[in-house]
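Below, read A as the first sequence line, B as the second, and so on, with proteins coming before strands; counting in each chain starts at 1.
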Number of protein chains: 2
Amino acid sequence: MTILNNPKEFSETALSILEHAIPLFAEKGYAGVSMREIAQAVGIRAATIYHHFPNKEALHLGAMALAFADKAEGMAQALSEPGTPQDRLRRLIFRFTELMSRDRNFRLLLQRELMDGDEARLKVLAEKVFKDQFNGLAELAASVSPGCDAHLLAISMAGLVLYHLETGPIRKFLPGGRVEHDDPSVIAGHVTTILLHGMGGCAKP
Amino acid sequence: MTILNNPKEFSETALSILEHAIPLFAEKGYAGVSMREIAQAVGIRAATIYHHFPNKEALHLGAMALAFADKAEGMAQALSEPGTPQDRLRRLIFRFTELMSRDRNFRLLLQRELMDGDEARLKVLAEKVFKDQFNGLAELAASVSPGCDAHLLAISMAGLVLYHLETGPIRKFLPGGRVEHDDPSVIAGHVTTILLHGMGGCAKP
DNA sequence: GTCTATAGTCGGATAGAC
DNA sequence: GTCTATCCGACTATAGAC
């Protein structure tokens, strides 16, 4: 099988194994999860997993492929809506924040892959999973800010949203942290303001 | 010992163990590193580690404490310099980017802790390690953008820089990625522009 | 396709010689 | 303070019954 298999090709049991493996790998990382633990979550014995996957590595790869599948749709829709560049940016940031906020497993798996993935896996991830949406993001950035480096802007757009979500668990212990800051629409509003007007965009002097 | 011990209290051997453990925990995570592996890096036997640390958990905690120690100084200096709020912001972002770019182990350990740390550990991390610099960041944000939410701004400032560094390994596979994007001063310049003027700050129509 | 049983390895941790 | 030797449980993976 290729490095990122088509999830449709898995049997029902294999799919169930993958679905139960996803939150475990996301929460505890590859080395932190045992085959027994995954089997217990599914309700089968560890040996049975080896009937559906040749080894732990292949199971992990399959879980990643499934978790990353179909992430394109929600984004593509938000990207294709009409309006001024600024309106499209606002809608995209709100949609992106909502999607990422909802799918914690996806975020954690992505973070872990950025840390642990080797060159080959990152290349596949970039080209098979992220390329199209990243291009959409970059094109939108270019239309809002012609003449700027669209690549850097696209990273900044995604990063602003994702870092607010990444730091969610520790923010309540930092000065000024409030529960409202976990609200996706609050984060999206803040990020949109910074992107369109900079830090001073919300100032009331 | 407390959850974050004073690194000064460790013996020379204990310090050597910690220094060799830091890059291993950073690169492979807690579960991905064995006591034997750490011992081999130090050039001793695994049993010897247990003379200096009661168990793996304590060793990991010690490694974190050492890696996070003295992170305050470079930031405090950059924060205390005079100038207009905009000048101080620019200098701080450049300094912060340079510091974080240099210390990959610190960044990885922080990321892993945000993912894997429980409430108690995150609380200690926030209050013992980050509180002062976060306050400095927030105060600077407030002076640049009075009336805004300083907490959200401080997270955005740190997040913009850190996310560009986090995505370093995958950016070359994404459209528009160039080697210059790994240059800390390029990242710092881009982030500063966005923070001060928004995405349009670099536009040449 | 799922099971039991188990091989073979590696993990954290301890005992006790030096 | 470091070592050798070892315990014992957990790990990945396989063999073979059903």
Taking only side-chain N and O atoms of [X], does any of them lie within less than 4.0 angstrom of OP1 or OP2 on [N]?
X	N	result
A:T13	C:dT2	yes
B:H51	D:dT2	no
B:T48	D:dC3	yes

_Protein proximity profile, nucleotides 12-18 of chain C - base contact B, sugar-phosphate-only contact S, no contact -, cut-off 4.0 Å on heavy atoms_ = BBBB---
To the nearest angstrom, how far is [X] atom [atom1] from [N] atom [atom2]?
X	N	atom1	atom2	answer
A:E12	C:dT2	CD	C1'	16 Å
A:H60	D:dT12	NE2	P	13 Å
A:H52	C:dC3	NE2	P	9 Å
A:F10	C:dG1	CZ	P	14 Å
B:R45	D:dT6	CZ	C1'	14 Å
B:L59	C:dG11	CG	P	15 Å
B:I44	D:dC3	CD1	C1'	11 Å
B:K28	C:dG11	NZ	P	10 Å

*Is it true that B:E98 and B:R102 make a salt bridge, defined as a side-chain N closer than 4.0 Å to a carboxylate O?*
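B:R102 and B:E98: salt-bridged.
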*Under a 4.0 Å N-O cut-off, is there an ion pair linking B:D182 with B:R171?*
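Yes, charged N to carboxylate O under 4.0 Å.
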*So, the side chain of B:R91 versus the backbone of B:A78: is there a donor-acceptor pair under 3.5 Å, distance only?*
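Not at all, since once roles are kept as given, no pair shorter than 3.5 Å links the two residues.
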_Apply salt bridge (charged side-chain N to carboxylate O under 4.0 Å, His left out) to residues B:R121 and B:D116 and explain how you reach the verdict._
CA-CA 10 Å; B:R121 293 182 55 148; B:D116 304 333; over 6 Å; no
*asked:* According to ring-ring contact (aromatic ring centres under 6.0 Å, His included), does anything in residues 131-171 of chain B pair up with another residue at least two apart or in another chain? List the pairs.
replied: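 Listed by first then second residue: A:H181-B:H151, B:F134-B:H151, B:H164-B:H190.
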N/O donor-acceptor pairs under 3.5 Å from side chains in residues 56-69 of chain B, not counting sequence neighbours:
{"residue": "B:K56", "atom": "NZ", "partner": "B:Y30", "partner atom": "O", "Å": "2.9"}
{"residue": "B:K56", "atom": "NZ", "partner": "B:V33", "partner atom": "O", "Å": "2.7"}

*Carefully, step by step, assess B:L99 and B:R95 under the rule side-chain contact (heavy atoms from CB on, under 4.5 Å).*
CA-CA 6 Å; B:L99 282 174; B:R95 184 87 187 108; 3.9 Å; yes
